[in-house]
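Next up is a structure, given as C-alpha cells.
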Amino acid sequence: MEDRTAGLNEQQRQVVAHDPARPLLVIAGAGTGKTNTLAHRLARFVSAGADPHRILLLTFSRRAAVELERRAGRVLVAALGQRSHEAIALPWAGTFHSAGARLLRMYAERIGLAPDFTIHDRGDTEDLMGLVRQGFAAEAAQRRYPAAATCAAIYSRAVNAERTLADVLHESYPRYVEWEAELKAMFGAYLDAKAAQHVLDFDDLLLYWSHMLADAELAREVSALFDYVLVDEFQDTNRLQGAILKRLRPDGRGVTVVGDDAQAIYAFRAADVRNILDFPGQYAPAADVLTLAVNYRSTQAILDASNAVMAQATERFTKDLKGTRGAGARAALVTVRDATDQARFVCEQVLAYREEGTPLEAQAVLFRSASHSAELELELARRNIPFVKYGGLKFLDAAHVKDVLALLRFAHNPRDRLAGFRAVRLVPGVGPATAVRVLDELEAAADPGAALRAAKLPAVAKDDWAALAAMCDAMRQPGSQWPSELDGVLAWYEPQLARMHDDAQARAADLTQLARIAATFASRERFLTEITLDPPAAAAGRADVPLLDDDYLVLSTIHSAKGQEWRSVHILNAVDGCIPSDMATGRREEIEEERRLLYVAMTRARDRLAIVVPQRFYVTQQARAGDRHVYAIRSRFLTPSVCATLEERTWPVPPASASAAASPGAAIDVTRRIREAWNSR
Ligand code: ATP
Ligand code: MG
C-alpha cells in the first residue's frame, strides 16, 4: 500500500496522524492546505476501517462538500491502488443546514414535527413574514415599522446569534428599538404560522436540531450515528452551529475543525469568530491545536501583498503567509477611467491569458457585491466570452431591475400582459385582481393609452396611476428620446422602490447601473430586444452548471469564492464604497470584516493578481443633485505599505509622447487629491 500522506509536509502529516479520538483544531492561514489535509485525515479514517456512512462532514456549501469528497476519494484511490475507483460516497457530507434537514426528517415524529414538513428558502421566508406582518396592520402602516425583509433579517439574527431580540435591536437595528414589543408579538405569530402550515425556514433547521440535542435521550441517539465529525471553514460558523457541535460531541471525541480567523467574513450573518478562538477551551482537557505554516497556493509576490493588507488589521491570530512557489510577478494595481474601461480591461487581460495557455476556467473575477459585475457581464456577452456567475442574484434577476424593465416594456407595448401584470401592481393599492381586470380592459380597448387613463381604481391608487398613465403616454409620443425617457421611468419608480424596500439605496445603485447600460443602445426598442434575446446573464444562463469540457470564466462575489483558487484573479472596484462597502455602517468591526474580505479575495490567486481601481464612479446619493459621476477614492485598505508591494499602472497605457511632454500621471494625481480633500470636508 502506498503511503497515504505522501506529498504532505511534516505539519500536515501531524494533523493526519493526530489521535482520532481527541478533539482537534487546525488554525492556519489561507492556502496552507487545511482543506486538503482534512481530506487526507478523512481518507485515513476510512482506510483504517471507518464507515463513510458514519462520518459527518460539514462544509460551507454543497459545492465544497463535493470537492472534499472528491479529494478524499483521490487520496484513497492512491492509497488503496486499483481496488477502489469510486470517490468515497459520504452520505452525511454537506452544510449544517442540509445535515439538519435530514436529521429532522428522521426524528420528526419524536420531536412533534409533521414528517411532511416543507422548507422555506429565504425568499419564501420574507413572503410569509410579509403576510404575517399584514396581520399587524396598525404597525405595518407606520412608516418607521421595518419592512418584511428587515423583519426576517432581525428574526434570523436573533436565532443564529442566540441573542435576545432586545440585544439584536440595540446592536444591529437601533432604528427599530421602539418596536421591540410589536416585533416580539409578530415573530410569535410568524412561529404560529409556520407551525400551522408545517413549514420550517432555514434557521429552523439549526434551531430544531439544537433543541433536539438538548434532550439527553435524543442527543445520545443522534450522537451515536456518527464516529467522526469534521468541519471546514469553522471561522464562519455561528453561535447556534457552535452549540450544535458541542451538544453532538460534548467531550469532543472524533471532532476535527479547521479554519482561519483572518478569513472570517460572515459576521453579518451572525457568524462568530469566537467559535474558533474559544474552541480548545470548551473541552476538558482542552482540545489540541495544530497549525500549518506554509502556503502552497500563491507566488510570494501575491502573498507579500496579501500580508501587507492583513498587517493593518487590528486583531489576528494566524501569522503572515510564507510561500513555497517562488517570487512570481508582482500583483498589479491597475487604474482605469471608469466601469466601462474596467470591463474592457478585464476582458482584454482574460483573453490574453487564455492565449498564453491559462484556460478561462482557471481565471476568476471577484467583486464585493453581485451588482458590481453588471458592466462586465455585458461586455463578456458582447465578446462572446462564456462565464458562470456565483453568489448573489444575477443582475437582471433582481426584483427592482425586473420592475423597471417591466415598466419599460409595458409603456412600449401596453398589451404585453406579463410586463403589465408586474408593472401595474407597482401602483400602491393595485392587487392581482385589479391588475387582471385592468389588463383585460386594455386588451379589449382600441386605444390602450386611453383605457389606461380611464381605468377605474381604488382612491389610494389614483395619483400614482395617473402619473403612470402620463409616463406611458409621453413615451409613445414621437418626440420621446432614448435614453432620457428612462429617467422619467426611474423618477416614477423611485418612490415605489423606497416604499417597498428598506434597502432602497443599494437597489437604486443597480438602477443607475441599468441606466448606464441602457445608454449604450441606440433606442428603447434595441435595448429591450437585445436584453431579452441576449441578456447580460445569458452567457451564464446555463443555470450555473457549465457543460462538460466547455471553458468558461468564473465571476463570483468574494463571499462565494471562499476556499477556492484560480491561476489568475481580477478584483473589481477597489474603491471606498465598494471595498469597504458603503453598506458597512463604519463600525470598527464591520470595517475589519471588509478588510478580511479583500484579503480572502487576494489569497484566491495562484499566479496572477490584478486589483482594479476605476477613477470615476457612479453614486446614487448624488442623483438628485444631478451629478452621478464622481471621482472615486481608492480603497482605504490600499495603504502606502500595501501599494509598495504592488506594480501600479494605468490602462489604457497613455501615449508615450504625451506622457513625456505633459506628464499626465501627475495631473491625474493632483485632481484626485483635490477631489478627495473636497469629499472629506
Ligand atoms: P483556504 O484557507 O483558502 O481554504 P486551505 O488552507 O484550505 O485554503 P487548500 O485549498 O487545502 O488550502 O490548499 C491550497 C493549495 O495548496 C491546493 O492547491 C493544494 O493542493 C495545495 N497543497 C496543499 N498542501 C500541499 C503540499 N503539501 N504540497 C503541495 N501542494 C499542496
Ligand atoms: Mg480551505
Side-chain angles (χ1 to χ4, degrees), residues 3-17 24-44 57-61 63-75 78 93 95 230-237 256-266 271 273 276 290-300 302-303 306-307 309-310 316-326 328 361-362 364 366 554 556 558-569 571 596-607 609:
D3 180 4
R4 257 187 329 263
T5 57
L8 298 189
N9 69 31
E10 189 45 41
Q11 288 179 312
Q12 293 173 333
R13 280 165 200 258
Q14 271 181 26
V15 170
V16 175
L24 172 64
L25 162 67
V26 179
I27 186 164
T32 52
K34 294 182 296 299
T35 303
N36 197 38
T37 308
L38 195 65
H40 277 265
R41 186 161 162 83
L42 199 161
R44 168 196 164 193
L57 173 63
L58 298 168
T59 55
F60 161 70
S61 63
R63 204 149 43 106
V66 171
E67 171 63 18
L68 244 162
E69 270 179 341
R70 202 179 53 78
R71 283 202 211 183
R74 273 213 310 251
V75 178
T95 62
L230 312 175
V231 189
D232 197 3
E233 306 274 6
F234 193 62
Q235 75 281 354
D236 283 321
T237 53
T256 307
V257 304
V258 311
D260 174 9
D261 62 306
Q263 294 184 68
I265 53 175
Y266 270 92
V273 72
I276 194 165
L290 294 176
T291 191
L292 308 172
V294 285
N295 174 296
Y296 287 92
R297 178 179 294 149
S298 314
T299 60
Q300 192 59 46
I302 291 170
L303 295 179
S306 310
N307 286 334
V309 167
M310 270 322 270
R316 60 191 294 220
F317 179 90
T318 40
K319 308 276 183 305
D320 268 3
L321 297 171
K322 287 192 202 62
T324 49
R325 299 199 42 226
E361 63 184 326
L366 307 181
V554 176
S556 176
I558 300 173
H559 281 104
S560 296
K562 239 170 61 157
Q564 302 192 64
E565 60 188 26
W566 294 274
R567 282 163 62 186
S568 155
V569 168
I571 301 174
R596 293 191 295 269
L597 264 168
L598 177 61
Y599 177 73
V600 168
M602 292 169 75
T603 53
R604 301 305 98 202
R606 289 171 54 83
D607 302 326
L609 172 64

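What you see below is based on every heavy atom in this structure, not just the backbone, and it leaves out hydrogens, waters and symmetry mates. Remember, it's 1-based here, ligands and their atoms both numbered in the order they're listed.
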Practice problem: For the Mg ion (ligand 2), report each protein N, O or S atom nearer than 2.8 Å, sorted by chain and then by residue number. | Solution: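 Metal shell, protein only: Thr35 OG1.
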Self-check item: Contact residues of ligand 1, where a non-hydrogen atom lies under 4.0 Å away
Solution: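 Heavy-atom contacts below 4.0 Å: Gly7, Leu8, Asn9, Gln12, Gly29, Ala30, Gly31, Thr32, Gly33, Lys34, Thr35, Asn36, Arg71, Glu233, Gln263, Tyr296, Arg297, Gly563, Glu565, Arg604, Arg606.
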Quiz item: Under the side chain to side chain donor-acceptor pair (under 3.5 Å) criterion, do Thr35 and Arg71 qualify, and how do the steps go?
Solution: CA-CA 9 Å; Thr35 303; Arg71 283 202 211 183; 5.4 Å; no
Quiz item: Can you find a heavy atom in the side chain of Met310 that is under 4.5 Å from one in the side chain of Leu321?
Solution: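 No, too far: nothing below the 4.5 Å cut-off.
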Exercise. Could you check if a side-chain atom of Lys319 sits within less than 4.5 angstrom of a side-chain atom of Thr291, using non-hydrogen atoms only?
Key: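 Contact flag for Lys319/Thr291 side chains = no.
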Self-check item: pair Gln11-Leu290: side-chain heavy atoms closer than 4.5 Å
Solution: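 They are not in side-chain contact.
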Exercise. May I ask you to test the Trp566-Val554 pair for a side-chain heavy-atom distance under 4.5 Å?
Key: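 The answer is yes; the side chains approach within 4.5 Å.
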Quiz item: Do Arg606 and Arg325 have side-chain heavy atoms sitting under 4.5 Å apart?
Solution: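 SC-SC contact between Arg606 and Arg325 confirmed.
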Practice problem: Identify which one of Val258, Val257, Val231 satisfies the side-chain contact (heavy atoms from CB on, under 4.5 Å) criterion when paired with Leu25. | Solution: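 Passing option: Val257.
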Quiz prompt | Polar side chain donor-acceptor pair, Gln12 to Glu10, under 3.5 angstrom | solution =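 Their side chains do not contain a donor-acceptor pair, so the 3.5 Å distance test is not met.
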Quiz item: Under 3.5 Å, is there a donor-acceptor pair between the Tyr296 and Asn36 side chains?
Solution: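 Distance-only check fails for Tyr296 and Asn36.
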